[in-house]
Enquirer: 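Handing you a structure now.
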Amino acid sequence: MEDERAMTENKILWEKASIQVPYPDALARMEHDARAIRAGEMGERVWLLEHPPTYTAGTSARAEDLFNPAGYPTWPAGRGGQWTYHGPGQRVCYVMLDLTQPHGAVPARDVRAYVHALEEWLIRTLYRFGVTGERREGRVGVWVVDPNSGQEEKIAAIGVRVSRWVSWHGVAINVDPVLSDFEGIVPCGIREYGVTSLRRLGLDITMDELDRALCEGWEECFGSVPVEGECLQV
């Protein structure tokens with residue numbers, strides 16, 4: 001009986017939106033879920049989705065870093081960081097966990113360790129496709145070296161918010177977005193480096209293939225088993 005209880009407690013709901021979710025709708029949903037998790041009314045979860053083309057501003061965003069020639073919607077995100085682009089072809093993963101509890105090797109109430117685990121999750125996911133993702137001191141996100149140019153470019157972004165020890169927001173991996181849309185901002189305030197995608201690296205990977213790799217990497221980094229939930233249409 002104790003083993004069965006431990007198995008149940010070691011699972012996390014894994015949800016996937018079947019349509020593009022407008023950013024304000026996702027923000028409202030995350031805020032609701034974070035409150036419900038804090039109140040013990042809802043279990044922890046990871047929500048996978050894509051957004052329509054959107055620029056979001058973190059708490060450190062500067063007005064001069066937004067150009068937006070296409071006139072895409074812009075929204076305050078409430079997370080840490082600066083400007084970020086979201087759009088079709090980018091897998092966004094919103095992670096809502098009760099950080100008063102440990103998760104695998106992540107101790108309770110340790111935001112630094114939580115962010116490090118998110119980075120490791122991205123790195124292990126990319127490794128499954130033969131891509132070497134790396135951390136860089138002073139630069140948020142996961143970086144790769146373009147084999148043709150030798151330049152370092154960002155392939156995945158991280159932006160988190162923790163409200164009374166419940167996490168929301170999360171990570172985004174560039175599968176095959178329109179990379180020129182990133183030119184409408186200074187991504188994360190970093191002007192010296194570019195942005196890349198799995199497609200630009202020569203990899204023809206579907207969202208479903210990436211999602212499977214994310215599931216495998218999740219258990220390694222957070223010690224809980226993803227359980228598939230209903231597809232959500234917000």
Enquirer: In terms of relative ring orientation, are H86 and H51 parallel, tilted or perpendicular, with 30° and 60° separating the classes?
Expert: tilted
Enquirer: Suppose the criterion is salt bridge (Lys or Arg N to Asp or Glu O under 4.0 Å): which pairs have a residue in residues 88-100, not counting sequence neighbours?
Expert: R91-D211
Enquirer: Considering only distance and modelled atom types, tabulate donor-acceptor pairs under 3.5 Å from the side chains of residues 101-109, sequence neighbours left out.
Expert:
residue : atom : partner : partner atom : Å
H103    : ND1  : Q101    : O            : 2.9
H103    : NE2  : E44     : OE1          : 3.4
H103    : NE2  : E44     : OE2          : 2.6

Enquirer: Taking side chain as C-beta onward, heavy atoms only, is I158 less than 4.5 Å from E119?
Expert: yes
Enquirer: Can you give me the closest heavy-atom contact between L48 and C93, atom names plus distance?
Expert: CD2-SG, 3.6 Å
Enquirer: Does E152 have any salt bridge (charged side-chain N to carboxylate O under 4.0 Å, His left out) partners at least two apart in sequence or in another chain, and if so, which?
Expert: R136, R139
Enquirer: If you round to the nearest 0.5 Å, how far is CZ of R128 from CG of L214?
Expert: 9.5 Å
Enquirer: Within 45 degrees of the axis of the six-membered ring of W47 and under 6.0 Å from its centre: does R29 put its NZ or CZ there?
Expert: yes
Enquirer: Can you tell me how far apart CG (L118) and SG (C221) are? Round to the nearest 0.5 Å.
Expert: 9.0 Å
Enquirer: Would you give the length of the straight line joining atom OG1 of T56 to atom CD of Q82, rounded to the nearest 0.5 angstrom?
Expert: 11.5 Å
Enquirer: Could you tell me whether R124 and E120 make a salt bridge, using a distance below 4.0 angstrom between a side-chain N and a carboxylate O?
Expert: yes
Enquirer: List for me each residue that meets ring-ring contact (aromatic ring centres under 6.0 Å, His included) alongside Y72, sequence neighbours excluded, and say none if there are none.
Expert: Y55
Enquirer: Name all pairs fulfilling the ring pair (Phe, Tyr, Trp, His ring centres under 6.0 Å) condition that reach into residues 125-183, sequence neighbours left out, sorted by first residue then second.
Expert: Y85-F182, W143-Y193
Enquirer: Under 4.5 Å between any side-chain heavy atoms of V175 and M207, yes or no?
Expert: yes
Enquirer: Listed by chain and number, what are the side chain to side chain donor-acceptor pair (under 3.5 Å) partners of R199, not counting sequence neighbours?
Expert: D176, D204
Enquirer: Calculate, to the nearest 0.5 Å, the distance between atoms CD and CG belonging to Q90 and L179 respectively.
Expert: 10.0 Å
Enquirer: Please name the pair of heavy atoms, one in L122 and one in A156, separated by the smallest distance, quoted to 0.1 Å.
Expert: CD1-CB, 3.8 Å
Enquirer: Is it true that K16 and E228 make a salt bridge, defined as a side-chain N closer than 4.0 Å to a carboxylate O?
Expert: no
